[in-house]
Amino acid sequence: MHRFSFKHNELYCEDVPVRTIAQAVGTPFYLYSVGTFLDHYRKLKEAFKAAKPLICFSMKANSNLTVLSALVRSGSGLDIVSGGELFRAKKTGVDPKKIVFASVGKTREEIEEAIGCGILMFNVESAAELEVLNDVAGKLKTLQKIAIRLNPDVAPDTHHYITTGGKANKFGLDRDTAYQLFASAARYPHLRFSGVHIHIGSQITDAKPFIKAIRRSLDFIDAVRAIGCPVESMNIGGGLGIIYSKEKPQTAREFAGAVLPLFKKHNVGKDLKLILEPGRFVSGNSGILVTKVLYRKSAPTKSFLIVDAGMNDLIRPAFYGAYHEIVPVVKVKKRGALRNTDVVGPICESGDFLAKDRKMALSRAGDLLAVMSCGAYGFVMSSNYNSRPRVPEIVVRGKKFFTARRRETREDLVRLETIVEEVL
Ligand code: LLP
């Protein structure tokens with residue numbers, strides 16, 4: 001469930017008409033329902049209550065400071081993947097002991113910074129990374145907790161760009177290598193091998209691949225505990241799917257119901273700490289992209305709605321062939337029969353579409369459209385392609401809306417550049 005709904009044919013975000021916001025800030029813009037972010041976070045927390053998990057919101061999905069701060073105030077930790085995300089995380093006031101750091105390519109500087117601010121754990125992706133971590137931790141005179149990211153070799157049914165737990169992926173370590181590393185933990189005196197981490201992919205709607213991967217990980221934990229490695233935590237990653245169209249994803253309660261029994265003999269919450277890193281589940285349905293129809297035109301086989309948001313604002317349809325529902329912000333009767341429509345942006349690329357071959361009522365120039373379920377991997381993946389300023393992020397709480405990130409200006413576009421006279 002989310003808090004975008006129609007009242008009297010008009011789309012509201014919580015208690016604010018989207019049209020009112022569009023009039024105030026112009027289009028396009030991202031619009032977030034803070035209440036929805038918190039609802040989703042709490043649903044997961046509630047569902048896993050028995051295990052007292054640490055939920056680290058995966059901030060790569062949405063790193064808006066207001067959104068993050070709201071989640072952090074509600075008790076969420078953060079899953080980070082770069083020094084930039086650490087910098088943002090610190091601004092939210094999150095307890096560093098609730099930060100986990102994953103990435104196959106952490107730099108020495110990022111590692112130094114993260115150890116320096118006392119994060120909970122690094123999710124380690126290679127033996128080479130362990131060497132650097134051990135070295136830095138030694139220099140900083142700390143004993144740093146790490147988890148080994150296990151590649152459990154399961155292939156969930158999702159887009160091939162966002163599956164991460166198969167043998168051919170760059171992520172994690174195969175079982176034998178991971179076992180060898182635990183067995184040689186003494187070689188890394190400045191690291192405490194305290195956890196096992198997995199993340200098998202994203203937008204996974206079915207519990208089966210999770211179950212398979214968690215079973216394999218728990219077997220692995222048993223095996224390394226048997227050789228004297230005191231594994232304290234299991235991080236099951238993120239990846240929970242949401243509804244974009246007709247998906248039937250598991251609810252938080254169903255997911256917990258499938259996952260928690262697997263931990264029965266591990267006494268989860270006491271002998272084994274459970275960590276989750278949801279991104280999309282918390283944020284996906286919590287945001288929309290609002291855009292305006294600029295023109296419409298007809299071709300022999302279809303209609304085009306040309307809107308003021310493009311693939312630079314939302315790249316998911318172009319990049320993954322992702323489906324986002326598109327609805328009018330104000331429903332108007334008598335717009336005629338549904339037509340086969342492409343909703344396209346102003347960018348000079350044929351891949352610049354928000355919807356392809358969609359049966360839609362033909363909107364008119366000036367109409368506002370809402371591209372739904374854009375709260376995850378929307379703004380964070382946007383760019384300045386075609387020298388388009390990035391759009392603002394507006395947040396709603398109840399009856400009020402606020403600008404959480406202002407629209408970029410033309411000056412912002414060139415702020416970091418210098419015309420180098422010497423080469424002219
Ligand atoms: N943990 C790790 C280690 C991850 O790599 C990811 C996402 C997550 C957690 C959060 O996954 P989620 O709960 O959001 O599925 N840009 C793509 C999605 C890329 C996901 C990358 N990793 C998209 O727009 O669909």
Side-chain angles (χ1 to χ4, degrees), residues 26-32 58-64 67-68 81-82 84-85 88 103 105 158-164 169-171 199 201-204 238-239 241-245 247 278-294 304-327 341-358 360 368-394 404-408 412-413:
T27 55
F29 61 96
Y30 275 91
L31 180 61
Y32 303 137
S58 192
M59 63 180 277
K60 64 172 80 64
N62 188 316
S63 57
N64 180 277
V67 163
L68 294 180
V81 288
S82 70
E85 287 194 350
R88 279 181 179 273
S103 157
T158 186
H159 192 281
H160 60 282
Y161 279 9
I162 51 177
T163 163
T164 48
N169 293 122
K170 68 175 176 178
F171 299 102
H199 172 75
S202 200
Q203 184 54 14
I204 303 167
I242 61 163
I243 302 176
Y244 286 99
S245 168
E247 296 89 345
R280 192 188 314 263
F281 179 85
V282 173
S283 56
N285 293 136
S286 307
I288 64 174
L289 172 65
V290 181
T291 181
K292 188 172 72 186
V293 177
L294 296 175
F304 290 98
L305 284 180
I306 301 155
V307 299
D308 64 358
M311 66 191 284
N312 72 300
D313 302 307
L314 178 69
I315 202 174
R316 301 194 71 256
F319 201 36
Y320 309 109
Y323 177 96
H324 287 265
E325 192 185 355
I326 299 187
V327 297
T341 306
D342 282 7
V343 181
V344 301
I347 303 249
C348 302
E349 300 235 11
S350 294
D352 179 28
F353 60 87
L354 300 178
K356 255 213 165 343
D357 293 320
R358 199 71 65 82
M360 289 175 71
L368 295 170
L369 297 177
V371 186
M372 304 303 288
S373 308
C374 291
Y377 309 108
F379 182 84
V380 286
M381 292 180 81
S382 66
S383 76
N384 292 121
Y385 188 37
N386 278 205
S387 282
R388 288 164 52 83
R390 264 174 297 184
V391 307
E393 292 175 289
I394 310 295
R405 188 186 202 274
R406 68 161 172 80
R407 190 181 300 282
E408 288 180 359
D412 288 331
L413 289 176

Do the side chain of [X] and the main chain of [Y] share a donor and acceptor less than 3.5 angstrom apart?
X      : Y      : value
Asp342 : Lys356 : no
Asn285 : Ile243 : yes
Glu408 : Arg390 : yes
Tyr30  : Asp313 : yes
Asp352 : Val344 : no
Asn62  : Ser283 : no

Problem - Stepwise side-chain contact (heavy atoms from CB on, under 4.5 Å) check, Tyr244 with Met372 - result: CA-CA 8 Å; Tyr244 286 99; Met372 304 303 288; over 6 Å; no

Which of Ser58, Ser373, Ser202, Ser286 passes side chain to side chain donor-acceptor pair (under 3.5 Å) with Arg280? Answer is Ser202

Checking Glu393, Arg405, Arg88 against Asn64 for side chain to side chain donor-acceptor pair (under 3.5 Å), the one that qualifies is Glu393

- Message: Heavy-atom count check: over 12 atoms from other residues, nucleotides or ligands less than 6.0 Å from Lys292 NZ?
- Response: no

Checking Asp308, Leu354, Leu305, Val327 against Leu369 for side-chain contact (heavy atoms from CB on, under 4.5 Å), the one that qualifies is Leu305

Restricting to non-hydrogen atoms, name the atom on [X] and the atom on [Y] that form the minimum distance, rounded to 0.1 Å.
X      : Y      : result
Arg406 : Pro392 : C-CB, 3.9 Å
Arg407 : Asp412 : O-OD2, 4.3 Å
Gln203 : Gly241 : OE1-CA, 3.2 Å
Val307 : Pro346 : O-CD, 3.5 Å
Arg388 : Gly310 : NH2-N, 3.4 Å
Pro28  : Leu289 : CB-CD1, 4.3 Å

Any chance you could measure [X], atom [atom1], to [Y], atom [atom2], to the nearest 0.5 Å?
X      : Y      : atom1 : atom2 : value
Asn312 : Ile347 : CG    : CD1   : 4.0 Å
Ser82  : Lys60  : OG    : NZ    : 9.5 Å
Ile306 : Leu294 : CD1   : CG    : 7.5 Å
Cys374 : Glu325 : SG    : CD    : 11.0 Å

*Within-4.5 Å side-chain heavy-atom neighbours: Cys348 and Asn386*: yes

Whether Arg358 engages the ring of Tyr323 as a cation-pi pair (distance to the six-membered ring centre under 6.0 angstrom, angle to the ring normal within 45°) should be assessed. yes

Self-check item: Pair Phe319-Tyr377, side-chain contact (heavy atoms from CB on, under 4.5 Å): steps then yes or no
Solution: CA-CA 11 Å; Phe319 201 36; Tyr377 309 108; over 6 Å; no

